[in-house]
Student: 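Sending over a structure as structure tokens; questions will come in a sec.
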Amino acid sequence: MLPERFEYQRASSVDDAISRLSRLGDGAKLLAGGHSLIPLMKLRLVTPGVVVDIGRLSELRYIHDAGDHIAIGSLTRHYDLQCSKVLQREVPLLAYVAGLVGDPPVRHRGTIGGSLAHGDPASDLPAAVMALDGRLVVSGSHGKRTLAATDFFRGFWETALTPEEVLTEVQIPKGAAGWAYEKFTRRAFDWAIVGVAVVVTGTTSVQVALANVGPATVRASATEQALRDGASPAEAAGRAVEGLSPSSDVNASSEYRAHLAVVLTGRALERALA
């Protein structure tokens with residue numbers, strides 16, 4: 001299918017993009033790499049009246065060591081994350097997961113900001129950023145605010161971004177002692193039917209995030225609590241979907257998705273805690 005008719009505008013800066021969004025309201029959508037927005041427009045699941053292109057804003061494309069965290073511009077491509085020596089050294093989980101996103105054309109065009117702002121629960125990077133206790137910096141007409149990844153994802157294709165805000169930076173704390181990402185797919189470049197990201201910090205803290213278990217990327221809080229209470233990794237993994245409602249779709253039933261979450265969480269915990 002072809003998308004509905006729309007007006008194309010190109011922003012010259014972040015401030016210009018915010019100004020355009022403020023004027024245009026809900027009828028506008030930002031275009032970064034295009035691998036999330038364009039397919040939805042072709043299916044007419046999203047029909048913006050105006051598309052504001054920010055894909056050429058080089059000011060949002062960087063990976064910096066900022067002391068206690070790594071600062072990543074929202075327009076940094078998946079391929080750049082995958083190949084970054086800084087990330088491979090300081091936050092290897094993020095570099096590894098970026099290399100699993102889609103296929104080479106997607107990784108060379110898609111951006112971390114686009115993936116996060118899209119809010120698809122099946123995406124790999126939101127789960128990795130959430131398990132890493134990442135923070136997201138968003139800019140709007142009222143200034144900047146910083147959100148924890150756990151507060152950013154609200155529901156299916158729904159985030160905490162307001163219509164006139166731009167996600168500008170992702171901040172990832174350093175210091176993970178162990179990590180793992182397990183992903184089950186039909187084909188290597190598919191969306192995750194279920195994905196599990198695990199990060200170990202210090203000697204006792206373990207963060208576990210689940211992809212495509214419900215309408216939004218979530219933390220497996222029952223598993224994390226079980227580990228704090230002294231449960232074995234296998235016992236803790238068995239509680240991965242406690243309090244959650246795994247969804248059913250053409251790829252997996254709710255029951256099968258719950259089973260996958262338990263199995264993959266067990267594998268990820270075993271690797272991360274080894």
Side-chain angles (χ1 to χ4, degrees), residues 68-70 87-101 120-135 148-153 172-186 188 190-249 251-274:
D68 64 343
H69 70 273
I70 302 299
L87 288 182
Q88 291 171 6
R89 181 180 69 249
E90 301 291 352
V91 193
L93 170 63
L94 196 61
Y96 174 77
V97 172
L100 300 178
V101 176
D120 191 324
S123 296
D124 301 298
L125 287 171
V129 171
M130 183 177 288
L132 287 161
D133 275 340
R135 301 180 297 270
T150 49
D151 297 325
F152 186 76
F153 303 102
I172 306 296
K174 296 158 63 174
W179 60 273
Y181 187 70
E182 293 286 340
K183 174 182 178 179
F184 185 84
T185 63
R186 293 175 59 197
D190 280 343
W191 299 98
I193 295 176
V194 171
V196 180
V198 172
V199 173
V200 181
T201 56
T203 57
T204 58
S205 180
V206 181
Q207 292 96 243
V208 183
L210 305 175
N212 211 14
V213 170
T217 305
V218 293
R219 289 275 283 267
S221 55
T223 291
E224 294 175 349
Q225 184 61 53
L227 291 168
R228 288 193 292 270
D229 292 340
S232 69
E235 292 170 335
R239 300 179 59 185
V241 294
E242 187 174 306
L244 304 176
S245 299
S247 55
S248 295
D249 55 31
N251 291 312
S253 66
S254 175
E255 295 77 14
Y256 184 52
R257 189 164 265 120
H259 170 72
L260 282 176
V262 170
V263 171
L264 295 180
T265 299
R267 292 177 184 174
L269 286 173
E270 183 177 353
R271 287 179 52 204
L273 294 168

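Atom set for the values below is all heavy atoms of this structure, side chains included, hydrogens, waters and symmetry mates excluded.
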Student: Salt bridge or not between Asp133 and Arg219? Use side-chain N to carboxylate O under 4.0 Å.
Tutor: yes
Student: Distance from Asp68 atom CG to Ile172 atom CD1, nearest 0.5 Å?
Tutor: 12.0 Å
Student: Just verifying a value: how many Å separate Asp124 CG and Tyr181 OH, rounded to the nearest 0.5 Å?
Tutor: 3.5 Å
Student: At their closest point, which heavy atom of Ala95 faces which heavy atom of Leu87, and how far apart are they?
Tutor: CB-CB, 4.1 Å
Student: Looking at side-chain heavy atoms only, is the closest gap between Arg257 and Asp249 below 4.5 Å?
Tutor: yes
Student: Output the distance between atom CG (Leu132) and atom CG (Leu94), rounded to the nearest 0.5 Å.
Tutor: 6.5 Å
Student: Might you point out which heavy atoms bring Thr265 and Ala261 nearest each other, and give the distance in Å?
Tutor: OG1-O, 2.6 Å
Student: Can any side-chain N or O of Asn212 pair as donor or acceptor with the backbone N or O of Ala192 at less than 3.5 Å?
Tutor: yes
Student: Determine the interplanar angle of the Phe184 and Tyr256 rings, folded into 0 to 90°, and report it as parallel if under 30°, tilted if 30 to 60°, perpendicular if over 60°.
Tutor: perpendicular
Student: How many angstroms lie between atom OG1 of Thr217 and atom CG of Leu210, to the nearest 0.5 angstrom?
Tutor: 9.0 Å
Student: Where the side chain of Ser248 meets the backbone of Ser254, is there a donor-acceptor pair that is under 3.5 Å apart?
Tutor: yes
Student: Can any side-chain N or O of Gln207 pair as donor or acceptor with the backbone N or O of Met130 at less than 3.5 Å?
Tutor: no
Student: Using every non-hydrogen atom in the two residues, find where Ala127 and Ala209 come nearest and quote the distance to one decimal.
Tutor: O-CB, 3.3 Å
Student: Tell me the salt bridge (charged side-chain N to carboxylate O under 4.0 Å, His left out) pairs involving residues 238-247, sequence neighbours left out?
Tutor: Arg239-Glu242
Student: With rounding to the nearest 0.5 angstrom, report the CG to CZ distance, Asp120 to Phe153.
Tutor: 10.5 Å
Student: How close do Gly238 and Val262 get, counting heavy atoms only, and between which atoms?
Tutor: CA-CG1, 3.9 Å
Student: Once you round to the nearest 0.5 Å, how far does CZ of Arg135 lie from CZ of Phe152?
Tutor: 15.0 Å
Student: How close do Ala268 and Ala180 get, heavy atom to heavy atom, and via which atoms?
Tutor: O-CB, 3.4 Å
Student: Mind checking side chain to side chain donor-acceptor pair (under 3.5 Å) for Arg271 and listing every partner two or more places apart, or none if nothing turns up?
Tutor: Glu182
Student: So, Asp229 side chain and Ala231 main chain: donor-acceptor pair closer than 3.5 Å or not?
Tutor: no
Student: Nearest heavy-atom pair of Gly214 and Pro121: which atoms, and what distance?
Tutor: O-CB, 3.4 Å
Student: Identify the residue among Thr201, Leu269, Thr223 that makes a side chain to side chain contact (heavy atoms under 4.5 Å, CB included) with Val206.
Tutor: Leu269
